[in-house]
Trainee: 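Before anything else, here's the structure in question.
Along the sequence shown, residues carry numbers from 1.
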Amino acid sequence: MAYNTRENKIITKTKAGDVAMGVQCYLHYPIMMDMYGWAGYDYVMLDMEHTRVDFSNMEDLVRACESNDITPIFRVGKNDPFLIRSCIEIGGKGVVVPHIKNGEDARKAVAYSHFNPNGNVGGGGELGMCPAVRHSNFGLDNYPDYREWINENLSTFVLFEDLSALEDWEAILDELVPGRDGIGFGMGDLGFSLLKKDEKVDPNEVLSKYVPVIQKAAHERGLLQQNMIWDIPNMLGPDHEEIQKCLEQGTNVILTFPDNAWFAKVAGDALKKARGL
């Protein structure tokens, strides 16, 4: 039995020099995947950190993504091997891991999402072994091919969300595989981490010191870079200038503002218009 699975569009698009366009999905309903598929998105990031996407609905969400030719990836709640394994075995093509604080955290995140022999992981991969899972097509004789596919095509994104990560950024990048793995920035959490350290610190000053340097280094190493469109007033339609700025920073994996915020804004604007406000 040959191993057969859908492509990781994030990898195929970026390797071709294109940009992968995705939705930060907080609305965990399969019909939403139908809408995003019709709209033409490449991938969705199913959020398990700030929403209640969980083990009871993730299989149906992945199935809906597959039926609409969308690549599903998951943002897990923490750097945990059980959570990461669950997302992969159900059919996720990538994981986004929050609050990576140092190189060792990054090593663990990549190891948890890849198999031995190592999948280019320092010290070897640590993804738990089981042939009879959905992502392997429940197969036995195709399991070696499944393991090889995961090691080459499963993307691990690590998020810079703490000051310690900014200070240990080189060690973090060292653990990632070019063309397969990537980085992202949780700018809100980064700002708060700086304020908690010292109320007199200007977060923007610190971020402007580190973030461009890290982005440049990641680009030079051939790592994927995920960036969220963060212009709240224009969250329903970011302008060309905003997109171009992301591309100039090395972004090749773009993520929209969370979809629940879209619908909240539409509902609010519609009510204001109806009341003549």
Side-chain angles (χ1 to χ4, degrees), residues 5-77 83 86-98 134-135 153-157 159 182 184 186 224-240 242-244 246-247 251-270:
T5 191
R6 295 182 182 273
E7 65 180 334
N8 180 345
K9 282 190 171 184
I10 293 174
I11 289 180
T12 55
K13 294 278 288 192
T14 54
K15 280 189 174 180
D18 295 329
V19 176
M21 299 294 297
V23 177
Q24 184 167 358
C25 184
Y26 279 28
L27 297 174
H28 48 84
Y29 305 104
I31 196 170
M32 302 305 299
M33 307 310 115
D34 296 331
M35 296 180 188
Y36 302 144
W38 279 107
Y41 283 96
D42 301 309
Y43 77 100
V44 296
M45 186 184 79
L46 300 162
D47 197 288
M48 300 181 75
E49 182 182 15
H50 296 296
T51 78
R52 304 291 75 83
V53 173
D54 58 29
F55 301 127
S56 68
N57 55 27
M58 60 196 303
E59 181 176 339
D60 286 338
L61 290 169
V62 170
R63 187 179 295 112
C65 287
E66 291 172 346
S67 69
N68 287 284
D69 197 25
I70 302 173
T71 292
I73 67 173
F74 289 89
R75 180 164 71 175
V76 294
L83 292 176
S86 299
C87 294
I88 295 171
E89 290 182 342
I90 207 66
K93 307 303 184 191
V95 291
V96 179
V97 186
R134 185 179 184 277
H135 206 168
N153 296 285
L154 195 290
S155 297
T156 305
F157 287 89
L159 295 184
L224 304 176
Q225 291 195 56
Q226 186 182 67
N227 200 337
M228 184 170 67
I229 302 303
W230 189 256
D231 187 358
I232 295 178
N234 298 310
M235 68 175 75
L236 297 180
D239 57 30
H240 177 73
E242 186 180 1
I243 296 289
Q244 189 60 39
C246 288
L247 299 180
T251 298
N252 52 7
V253 183
I254 288 180
L255 193 64
T256 65
F257 201 76
D259 54 4
N260 60 346
W262 295 355
F263 290 96
K265 180 172 175 58
V266 168
D269 287 350

Trainee: Output the distance between atom CD1 (Ile11) and atom CG (Asn153), rounded to the nearest 0.5 Å.
Mentor: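 Atom-to-atom, Ile11:CD1 and Asn153:CG are 5.0 Å apart.
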Trainee: Once rounded to the nearest 0.5 Å, what's the spacing between atom OG1 of Thr12 and atom CG of Asp18?
Mentor: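 If I round to the nearest 0.5 Å, the distance is 9.0 Å.
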Trainee: Pro72 and Gly91: which non-hydrogen atoms are nearest, and at how many Å?
Mentor: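 For Pro72 versus Gly91, the nearest heavy atoms are CG-O, 3.9 Å.
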Trainee: Check Ile70, Thr5, Ile10 against Lys93 for a side chain to side chain contact (heavy atoms under 4.5 Å, CB included) and give me the one that passes.
Mentor: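 In the set Ile70, Thr5, Ile10, the residue that makes a side chain to side chain contact (heavy atoms under 4.5 Å, CB included) with Lys93 is Thr5.
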Trainee: Looking at side-chain heavy atoms only, is the closest gap between Asn68 and Tyr36 below 4.5 Å?
Mentor: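 Side-chain contact under 4.5 Å: no.
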Trainee: Once rounded to the nearest 0.5 Å, what's the spacing between atom OG of Ser155 and atom CD1 of Ile73?
Mentor: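 Going from OG on Ser155 over to CD1 on Ile73, the span is 7.5 Å.
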Trainee: Hey, mind stepping through Met21 and Lys13 against side-chain contact (heavy atoms from CB on, under 4.5 Å) and telling me if it holds?
Mentor: CA-CA 9 Å; Met21 299 294 297; Lys13 294 278 288 192; over 6 Å; no
Trainee: Measure the NE2-CG distance between His135 and Leu154 for me, rounded to the nearest 0.5 Å.
Mentor: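 Here the interatomic distance stands at 7.0 Å.
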Trainee: Going through the distances and angles, do Leu27 and Trp262 end up as a side-chain contact (heavy atoms from CB on, under 4.5 Å)?
Mentor: CA-CA 11 Å; Leu27 297 174; Trp262 295 355; over 6 Å; no
Trainee: Determine, stepwise, if the pair Lys265 / Phe257 fulfils side-chain contact (heavy atoms from CB on, under 4.5 Å).
Mentor: CA-CA 12 Å; Lys265 180 172 175 58; Phe257 201 76; over 6 Å; no
Trainee: Go through Met33 and Cys25 one step at a time and tell me if the side-chain contact (heavy atoms from CB on, under 4.5 Å) criterion holds.
Mentor: CA-CA 9 Å; Met33 307 310 115; Cys25 184; 3.4 Å; yes
Trainee: Identify the heavy atoms of Asp259 and Tyr26 that sit nearest to each other, and give their distance.
Mentor: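 Closest approach of Asp259 to Tyr26: OD1-N, 2.8 Å.
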Trainee: Is it the case that the side chain of Asn57 and the backbone of Asp54 share a donor-acceptor pair, with hydrogens and angles ignored and the cut-off at 3.5 Å?
Mentor: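 Yes: the side chain of Asn57 pairs with the backbone of Asp54.
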Trainee: Hey, does the side chain of Arg6 reach the backbone of Glu66 with a donor-acceptor pair shorter than 3.5 angstrom?
Mentor: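 Flag set: sc Arg6 to bb Glu66 pair under 3.5 Å.
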Trainee: Are the side chains of Thr251 and Val19 in touch, meaning some heavy atoms are under 4.5 Å apart?
Mentor: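 A side-chain contact under 4.5 Å is absent here.
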Trainee: To the nearest 0.5 Å, what is the distance between CD (Gln226) and OG1 (Thr14)?
Mentor: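 OG1 of Thr14 is found 11.5 Å from CD of Gln226.
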Trainee: Return the CZ to CE distance between Phe55 and Met48, rounded to the nearest 0.5 Å.
Mentor: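 Reported to 0.5 Å precision, the distance equals 5.0 Å.
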Trainee: Can you name the one residue among Ile90, Val44, Leu61 that meets side chain to side chain contact (heavy atoms under 4.5 Å, CB included) with Phe74?
Mentor: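 By the side chain to side chain contact (heavy atoms under 4.5 Å, CB included) criterion, Phe74 pairs with just one of Ile90, Val44, Leu61: Ile90.
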Trainee: To check you understand the geometry: which heavy-atom pair defines the closest contact between Cys87 and Met58, and what is its length?
Mentor: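 Taking every non-hydrogen atom into account, CA-CE, 3.8 Å.
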Trainee: Is there a donor-acceptor contact under 3.5 Å from the side chain of Asn252 to the main chain of Gln225?
Mentor: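 Confirmed, Asn252 side chain pairs with Gln225 backbone.
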Trainee: Check Asp42, Thr71, Asp69 against Lys9 for a side chain to side chain donor-acceptor pair (under 3.5 Å) and give me the one that passes.
Mentor: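 When Asp42, Thr71, Asp69 are each tested with Lys9, the side chain to side chain donor-acceptor pair (under 3.5 Å) holds only for Asp69.
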